[in-house]
**Student:** 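Here it is, the structure, as structure tokens.
This structure is a prediction, so every number in the text was calculated from the model and none was measured. Every chain is numbered from 1, with letters handed out A, B, ... down the list of sequences.
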Amino acid sequence: MESIQVSLQGKNSQALPKGISAKAAIEQLNGAVPPEVFAVKANGVEIDLLASLETDSTLQPLMFDSPEGKEIYRHSSTHIMAQAVKECFPTAQLTIGPAIEGGFFYDFAFERPFTPEDLEKIEARALDIIKRNLSVSRREFSKEEAIEFFKSRGEPYKVELIQGFPDGEPVSAYTQGDFVDLCRGPHLPATGYVKAFKLLNSAGAYWRGDERNPMLQRLYGTSFPSAEALQAHLDNLEEIKRRDHRKLGKDLDLFSIQDETGPGLILWHPKGAQIRLLIENFWREQHLANQYELVYSPHVARLDLWKTSGHVDFYKENMFTPMPVESSEYQLKPMNCPFHIMVYKTHLRSYRDLPIRYGELGTVYRYERSGVLHGLMRVRGFTQDDAHLFCRPDQLGEEVQKVLKFITSMLGTFGFTEFKMFLSTRPEKAVGTIDQWDQATLALETALKDGGYAYQEDPGEGVFYGPKIDVKIQDALGRSWQCSTVQIDFNNPERFGLTYVGEDGKTHQPIMIHRALLGSIERFFGILLEHFGGAFPAWLAPVQVMVLPISEKHQGYAQEVEKNLRREGCRVVLDLRNEKIGLKIREAEKAKVPFMIVVGDREAEAQMVAVRQRNGKNLGTMSIIDIVTLIREDMPEAVKKGSLLFE
RNA sequence: GCUGGCGUAGCUCAAUCGGUAGAGCAGCGGUUUUGUAAACCGCAGGUCGGAGGUUCAAUUCCUCUCGCCAGCUCCA
């Protein structure tokens with residue numbers, strides 16, 4: 001009998017008969033297959049546990065704890081859900097059903113949306129399929145056979161998918177009981193491997209993600225290897241709901257969005273505005289310290305400006321409708337760039353002047369389709385922490401490098417230290433020559449590499465005028481948010497005829513960098529709100545200290561304490577209401593005020609204050625100076641000093 | 001924009017199988033003078049998202065419309 005060399009993660013290599021199953025091979029090498037192993041990677045390729053090995057193989061068992069393992073587990077789970085749907089509703093047609101972050105979904109073509117009762121029924125059936133512990137087997141077809149097979153089963157969407165596959169390559173399908181689904185695999189060996197399964201919700205989705213295609217019914221679910229893990233996941237979803245910035249924004253009275261005002265337009269209430277002001281002040285301070293110059297620009301401008309910039313051609317569907325003014329048309333600004341360009345153009349610039357860095361907290365208005373608006377995260381009017389750098393080609397690399405440092409230190413100050421960087425390249429709809437694009441992309445790539453940043457490529461995701469680097473941050477709940485962006489632009493300098501005089505006395509064209517650190521103040525504020533769950537650190541808290549007198553006779557001393565704290569620059573509120581101390585504390589806790597000061601006879605006598613933190617911790621009695629120091633120490637270094645963030 | 005769900009007091013939520021609505025909290029007025037997460041009593045508060053229709057009668061049924069939520073698509 002022919003034999004092959006098989007090893008387990010590179011160790012215990014043994015000669016085993018060719019064609020042995022991965023499972024049997026592991027049994028030979030390891031004695032037994034641990035029950036939590038449900039698939040393997042053979043020479044880096046994921047295969048079924050029961051797949052046969054035909055060549056020398058290095059095996060790596062796959063379990064739920066690896067990303068690949070999770071995907072297989074969830075993929076099998078979605079097959080179970082699909083089987084349940086087919087059993088409950090035989091006329092539902094299968095389309096696609098992948099594993100996603102945190103679970104899986106499956107899209108069905110069905111004559112009506114699934115109701116909550118349907119979901120219960122489907123979930124019960126899925127649990128039954130798991131209980132039945134059906135074995136899952138792989139089968140390969142030729143493309144033609146597969147088409148015939150799925151035609152005969154009344155699955156036109158599957159047929160359409162297969163028709164798009166390359167000719168001549170085998171098509172695989174997986175069977176569990178009476179259920180057969182087109183699938184690349186691998187899968188769990190049997191349905192019973194799924195230990196905890198939950199159907200989450202249903203929603204509409206377009207076939208192949210195109211709104212011109214039929215609407216399908218999408219079911220979302222998740223699965224885990226234990227009931228505890230599933231519960232932990234559900235608890236996490238609850239926590240995300242609790243931290244929803246829309247809920248916190250209302251509870252903490254930070255902002256509102258009202259029907260009468262218009263969807264996607266934010267009203268900043270005093271406390272929210274206070275936090276925003278702190279963010280903005282810090283932002284301005286840092287920009288001035290880092291040799292940016294701050295400018296202001298109007299909210300509307302002649303439409304012609306946007307024709308020159310190319311926005312009318314490339315961005316029209318996201319712009320508000322222009323308004324007629326006298327004999328010309330004006331446009332609510334969707335971008336700040338043209339204004340900064342116009343400031344640049346007011347002088348003849350020398351190569352010695354460059355780089356020129358114009359920064360602005362510029363409010364822009366974009367028409368977003370009604371269905372996409374979402375609290376502060378996606379709005380129709382928002383303020384970009386925008387800047388445009390005009391530089392010489394030889395300065396490009398260094399400028400991008402500096403911006404990347406600025407990004408990481410700025411975001412770091414707000415408590416975000418996990419970054420993911422993405423390099424986006426030329427999209428289909430683009431301006432400029434391929435040569436310019438290559439040059440700009442190379443500059444970004446070099447800056448990323450020189451700075452030692454890990455990054456991922458995002459092909460075709462650049463802006464129409466140039467490639468970009470996007471930075472995503474991770475919040476306290478592990479979710480990713482895009483904030484910063486750095487974009488190179490050769491196009492606008494050309495469109496607007498920007499120049500500088502070089503050392504050679506001749507005219508040259510500067511390169512522009514568009515960049516934002518926080519992205520949009522509204523969105524960033526929403527992210528911060530969810531990140532901290534509303535409990536802002538003291539340096540950002542709208543109210544840092546509540547002074548709570550025990551009874552009316554302590555009001556005088558409380559007022560004195562309040563005045564002293566205010567004099568020291570603290571944001572302090574005095575609660576003089578005729579209420580018990582327990583209620584005042586409860587309400588200060590609910591408002592997530594970092595420090596509470598209780599004053600009664602003892603404190604007035606000693607000229608001290610009793611300090612309590614919002615987490616319930618009692619810090620005991622201290623002097624006013626002590627509490628002021630406590631608050632100051634809580635500030636990040638950069639905020640304390642108001643000095644350079646980098647260099 | 002599309003599919004589905006939902007709009008009742010400032011907030012969180014009830015109720016009415018068609019006969020114009022109720023609670024807690026918040027607010028206001030009292031009483032109480034309080035020691036680390038809710039004192040007590042009382043008062044007031046609503047064109048039941050908006051417009052039309054059906055009906056003797058609509059918050060309830062129908063149509064349209066606006067907004068919100070989930071998802072799709074898009075995105076800072």
**Student:** Hunt down the Watson-Crick or G-U wobble partner of B/U34, both distances under 3.5 Å, from any strand shown, or write none.
**Tutor:** none
**Student:** In whole Å, I'd like the distance from the CG atom of A/Asn615 to the P atom of B/A37.
**Tutor:** 12 Å
**Student:** Quick one: A/Glu317 CD to B/C74 P, roughly how many Å, whole number?
**Tutor:** 12 Å
**Student:** Is A/Arg74 close enough and on-axis enough to A/Phe104, meaning under 6.0 Å and within 45°, for cation-pi?
**Tutor:** no
**Student:** Please determine, for B/G42, whether a Watson-Crick or G-U wobble partner exists with both distances under 3.5 Å, and give it or none.
**Tutor:** B/C28
**Student:** Could you tell me whether the side chains of A/Gln384 and A/Asn336 share a donor-acceptor contact shorter than 3.5 Å?
**Tutor:** yes
**Student:** Identify whether NZ of Lys or CZ of Arg in A/Arg523 sits under 6.0 Å from the centre of the six-membered ring of A/Trp481 and within 45° of that ring's axis.
**Tutor:** no
**Student:** Between B/A70 and A/Arg246, is there an OP1 or OP2 to side-chain N/O distance shorter than 4.0 Å?
**Tutor:** yes
**Student:** Are A/Glu317 and A/Arg369 ion-paired here, with the side-chain N under 4.0 Å from a carboxylate O?
**Tutor:** no
**Student:** So what's B/A70 paired with, Watson-Crick or G-U wobble, going by both distances under 3.5 Å?
**Tutor:** B/U3
**Student:** Which nucleotides of nucleotides 1-10 of chain B have their base under 4.0 Å from a protein heavy atom (B), which only their sugar-phosphate (S), and which neither (-), written as one string 5' to 3'?
**Tutor:** BBBS------
**Student:** Base, sugar-phosphate, or nothing for A/Gly582, non-hydrogen atoms under 4.0 angstrom?
**Tutor:** sugar-phosphate
**Student:** Below 4.0 angstrom, N of the basic side chain to O of the carboxylate: do A/Asp253 and A/Lys271 qualify?
**Tutor:** no
**Student:** Please state how far atom CD in A/Glu587 lies from atom P in B/A26, giving the value in whole angstrom units.
**Tutor:** 7 Å
**Student:** Tell me which nucleotide among B/U36, B/U33, B/G35 gets nearest to the side chain of A/Glu552.
**Tutor:** B/U33
**Student:** Quick check for you: among B/G35, B/A76, B/U36, whose closest atom lies nearest to any side-chain atom of A/Glu603?
**Tutor:** B/G35
**Student:** Roughly, in whole Å, what's the span from CG in A/Leu583 to P in B/C40?
**Tutor:** 11 Å
**Student:** Can you find a donor-acceptor N/O pair under 3.5 angstrom joining the side chain of A/Arg378 to the base of B/C74?
**Tutor:** yes
**Student:** From NE2 of A/His554 over to P of B/U36, roughly how many Å is that when rounded to an integer?
**Tutor:** 13 Å
**Student:** Please classify the nucleic acid contact of A/Gln384 as base, sugar-phosphate, or nothing, using heavy-atom distances under 4.0 Å.
**Tutor:** nothing
**Student:** Counting Watson-Crick and G-U wobble pairs only, both distances under 3.5 Å, name the nucleotide matched with B/C64, or none.
**Tutor:** B/G50
**Student:** Between A/Lys468 and A/Glu461, does any NZ, NE, NH1 or NH2 come within less than 4.0 Å of an OD or OE carboxylate oxygen?
**Tutor:** no
**Student:** Only pairs with both distances under 3.5 Å count, Watson-Crick or wobble alike; so what is the partner of B/C75 in this structure?
**Tutor:** none
**Student:** Counting just side-chain N and O atoms, does A/Arg612 come under 4.0 Å of either OP1 or OP2 of B/A37?
**Tutor:** yes
**Student:** What's A/Gln258 touching, base or sugar-phosphate or nothing? Going by heavy atoms closer than 4.0 Å.
**Tutor:** nothing
**Student:** Tell me if the side-chain of A/Glu368 makes a donor-acceptor pair with the base of B/A76, cut-off 3.5 Å, by modelled atom types.
**Tutor:** yes
**Student:** Taking OP1 and OP2 of B/A70, is either one under 4.0 Å from a side-chain nitrogen or oxygen of A/His374?
**Tutor:** yes
**Student:** Find the distance A/Tyr315:OH to B/A76:P and express it as a whole number of Å.
**Tutor:** 6 Å
**Student:** With sugar-phosphate meaning primed atoms plus P, OP1 and OP2, does A/Ala610 contact a base, only sugar-phosphate, or nothing at under 4.0 Å between heavy atoms?
**Tutor:** base
**Student:** Atom CG of A/Asp253 and atom P of B/G27: how far apart are they, to the nearest Å?
**Tutor:** 13 Å
**Student:** Tell me the interatomic distance from A/Ile240, atom CD1, to B/A70, atom C1', rounded to whole angstroms.
**Tutor:** 14 Å
**Student:** OP1, OP2 of B/U12 versus side-chain N and O of A/Lys250: anything below 4.0 Å?
**Tutor:** yes
**Student:** Nearest of B/U33, B/G71, B/U36 to any side-chain atom of A/Ile581?
**Tutor:** B/U36
**Student:** Any salt bridge linking A/Glu418 with A/Lys472? Criterion: basic side-chain nitrogen under 4.0 Å from a carboxylate oxygen.
**Tutor:** no
**Student:** Identify whether the distance between the nearest side-chain nitrogen and carboxylate oxygen of A/Arg602 and A/Glu605 falls below 4.0 Å.
**Tutor:** no
**Student:** Look at the side-chain N and O atoms of A/Tyr220 and state whether any lies under 4.0 Å from the OP1 or OP2 oxygen of B/C72.
**Tutor:** yes
**Student:** Just checking A/Asp601: base, sugar-phosphate only, or nothing, at a heavy-atom cut-off of under 4.0 Å?
**Tutor:** base
**Student:** Please measure how far the P atom in B/C68 lies from the corresponding atom in B/U59, and state the result in whole Å.
**Tutor:** 25 Å
**Student:** Charged N to carboxylate O under 4.0 angstrom, A/Arg284 versus A/Glu360?
**Tutor:** no
**Student:** Between A/Asp601 and A/Lys553, does at least one N-O distance fall below 4.0 Å, as a salt bridge requires?
**Tutor:** yes
**Student:** My understanding is that a pair needs two contacts under 3.5 Å, Watson-Crick or G-U wobble. By that rule, which nucleotide pairs with B/G19?
**Tutor:** B/C56
**Student:** In terms of side-chain heavy atoms of A/Val379, which of B/U36, B/G71, B/A76 is nearest?
**Tutor:** B/A76
